[in-house]
Number of protein chains: 2
Amino acid sequence: MTEELPVRRTQVERRALSRSALIEAAAIRLSAAGYAGLVLEQVARDAGYTRGAVYHQFAGKDELALAVVEWVAGLWDAEVGRCGKDQSEPDEALLAVARAHALFCRRPIAQVMLTLRIEFLGQDHPVGTAVADAVGDLETWCAELITQGRATGRIPDGPPAHSTASAFLAVLEAVGIHGGGQPPHDVELAERAARGVLGLPAVTGP
Amino acid sequence: MTEELPVRRTQVERRALSRSALIEAAAIRLSAAGYAGLVLEQVARDAGYTRGAVYHQFAGKDELALAVVEWVAGLWDAEVGRCGKDQSEPDEALLAVARAHALFCRRPIAQVMLTLRIEFLGQDHPVGTAVADAVGDLETWCAELITQGRATGRIPDGPPAHSTASAFLAVLEAVGIHGGGQPPHDVELAERAARGVLGLPAVTGP
DNA sequence: TTACATACAGACACGCATGTATGTATGGTG
DNA sequence: CACCATACATACATGCGTGTCTGTATGTAA
């Protein structure tokens with residue numbers, strides 16, 4: 001059996017390692033229990049530390065949650081947003097985002113943003129505003145795509161672009177999390193919902 | 001100015017009055033703060049009582065939340081589900097539900113179900129299971145409508161009926177709450193999303 | 001009107017989670 | 001090797017919310 005030979009690590013390595021471990025553990029707990037139900041003792045345990053480590057790396061519960069939000073937002077951008085930016089046409093970009101988001105939602109941490117957004121909806125909490133800002137940036141991006149697509153006629157007319165973008169993102173989150181979520185169908189349902197909100201015709205074919 | 005002349009009320013009247021006041025206050029707080037963030041002191045204050053009243057009417061925090069869930073579910077059924085049952089064709093029923101739900105979501109208490117469902121997702125809490133059960137009943141009802149509609153050809157084929165129903169309801173909740181939600185457009189966006197999930201063609205404007 | 005039941009307020013005790021302060025081990029530097 | 005900084009653990013203090021208990025006022029029935 002493998003003995004626990006303590007590998008010699010540099011300080012920055014230790015710091016980065018424990019920090020990311022804490023963030024990931026917090027993300028999982030956060031997506032399951034929400035911010036109010038988040039217990040730092042459990043987070044530290046999950047990551048293999050104690051609360052001392054948490055308070056050494058983060059100023060408190062707020063900043064830990066903030067770090068989680070930043071981390072997840074970055075992850076989303078790298079895995080989902082990127083898919084949209086690779087497309088040349090705005091409608092294709094939005095649909096690519098929808099499909100990529102469905103895949104993204106198969107991971108347990110995907111709920112984090114939705115959970116926090118709902119928990120802090122209509123409140124004035126730093127974590128809530130951070131999430132709202134992140135989603136807000138996405139909304140404006142999607143709104144721009146919608147405006148472009150409508151200008152070129154690839155996306156039919158409809159409610160104001162920003163409202164449509166807001167609904168578009170909300171729908172993606174919802175389908176990704178509660179929407180049956182079975183691996184074969186989640187992507188199709190996400191695309192269906194996206195097409196519906198955007199007013200695009202349903203896919204016909206195999 | 002009107003003097004507070006204490007109206008003579010019977011015991012059952014008092015009980016029912018304070019009970020409903022507490023439930024409504026709890027619903028509002030619950031939809032804003034979630035279960036973990038729900039503070040009974042605030043609920044009692046909002047309703048014009050103290051925590052003594054809460055613990056006299058309900059066994060504890062759990063049962064108060066349970067009563068809220070039951071109340072909201074009944075309200076939804078009366079205001080939204082009814083619209084679906086009035087329709088003769090299954091696709092019309094589902095779209096009617098979508099539109100009625102959008103209107104339902106204009107009220108502050110509409111978030112309750114979604115908030116609690118997410119908060120207790122994947123946990124074993126009586127409140128969570130109550131919400132899950134309520135939504136589960138809706139899902140099976142919607143799934144039956146979808147199956148019927150597909151049998152008669154009014155609804156195109158797609159993912160399994162139950163997965164589709166789950167996504168259908170999730171989408172309605174999402175659009176109703178975050179979806180722009182502006183009074184003129186929320187109904188249209190809800191119908192668009194519903195049509196998309198079901199695979200129905202988009203409405204061609206007037 | 002006397003006696004009891006119910007509706008509710010106030011006060012107390014407990015648990016639990018956060019935040020802080022102190023101690024210890026490991027990495028870095030002269 | 002000596003000295004300091006950093007990473008982390010442990011112990012302590014505090015606040016806040018729940019649950020319970022007791023007291024008081026109002027409705028109810030003999």
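All heavy atoms count here, side chains included; hydrogens, waters and symmetry mates do not. Treat the numbers as computed from the prediction; the structure is a model and nothing was measured. Numbered from 1 within each chain, the chains take letters A, B, ... in sequence-line order.
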For atom [atom1] of [X] and atom [atom2] of [N], their distance in whole Å:
| X | N | atom1 | atom2 | value |
| --- | --- | --- | --- | --- |
| B:Arg45 | D:dG17 | CZ | P | 13 Å |
| B:Arg19 | C:dT6 | CZ | C1' | 15 Å |
| A:Leu40 | D:dA9 | CG | P | 14 Å |
| B:Leu17 | D:dT26 | CG | P | 17 Å |
| A:Phe58 | C:dT20 | CZ | C1' | 18 Å |
| A:Glu41 | C:dG15 | CD | C1' | 15 Å |
| A:Tyr35 | C:dA17 | OH | C1' | 12 Å |
| B:Tyr49 | D:dA25 | OH | C1' | 14 Å |

Using a cut-off of less than 4.0 Å, is there contact between a side-chain N or O of [X] and OP1 or OP2 of [N]?
| X | N | answer |
| --- | --- | --- |
| A:Gln57 | D:dC8 | yes |
| B:Ser18 | C:dC8 | yes |
| A:His56 | D:dA7 | yes |
| B:Arg14 | C:dA7 | no |

For nucleotides 20-24 of chain D, tabulate all protein N/O to nucleotide N/O atom pairs closer than 3.5 Å, reporting atom names and distance.
none

Under 3.5 Å, sequence neighbours excluded: what are the donor-acceptor pairs made by side chains of residues 67-81 of chain A?
from	atom 1	to	atom 2	distance (Å)
A:Trp76	NE1	A:His101	ND1	2.9
A:Glu79	OE1	A:Arg107	NH2	2.9
A:Glu79	OE2	A:Arg107	NH2	2.5

Sub-4.5 Å side-chain heavy-atom contact between B:Phe168 and B:Leu94: yes
Would you give the length of the straight line joining atom [atom1] of [X] to atom [atom2] of [Y], rounded to the nearest 0.5 angstrom?
| X | Y | atom1 | atom2 | answer |
| --- | --- | --- | --- | --- |
| A:Thr164 | A:Leu145 | OG1 | CG | 12.5 Å |
| B:Ile118 | A:Leu116 | CD1 | CG | 10.5 Å |
| B:Leu22 | B:Leu17 | CG | CG | 10.0 Å |
| A:Leu103 | A:Arg99 | CG | CZ | 9.5 Å |

key: A:Thr50 side chain, from C-beta outward: closest of D:dG19, D:dA9, C:dA17   =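 Closest of the options to the side chain of A:Thr50: D:dA9.
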Out of C:dC8, D:dC8, D:dT18, minimum distance to the side chain of B:Lys61 belongs to D:dT18
Classify the nucleic acid contact of B:Leu38 as base, sugar-phosphate or nothing, counting any heavy atom under 4.0 Å across all strands shown. sugar-phosphate
Can you list the steps and then say if B:Arg117 with B:Glu173 is a salt bridge (Lys or Arg N to Asp or Glu O under 4.0 Å)? CA-CA 11 Å; B:Arg117 191 149 72 112; B:Glu173 275 182 328; 2.6 Å; yes
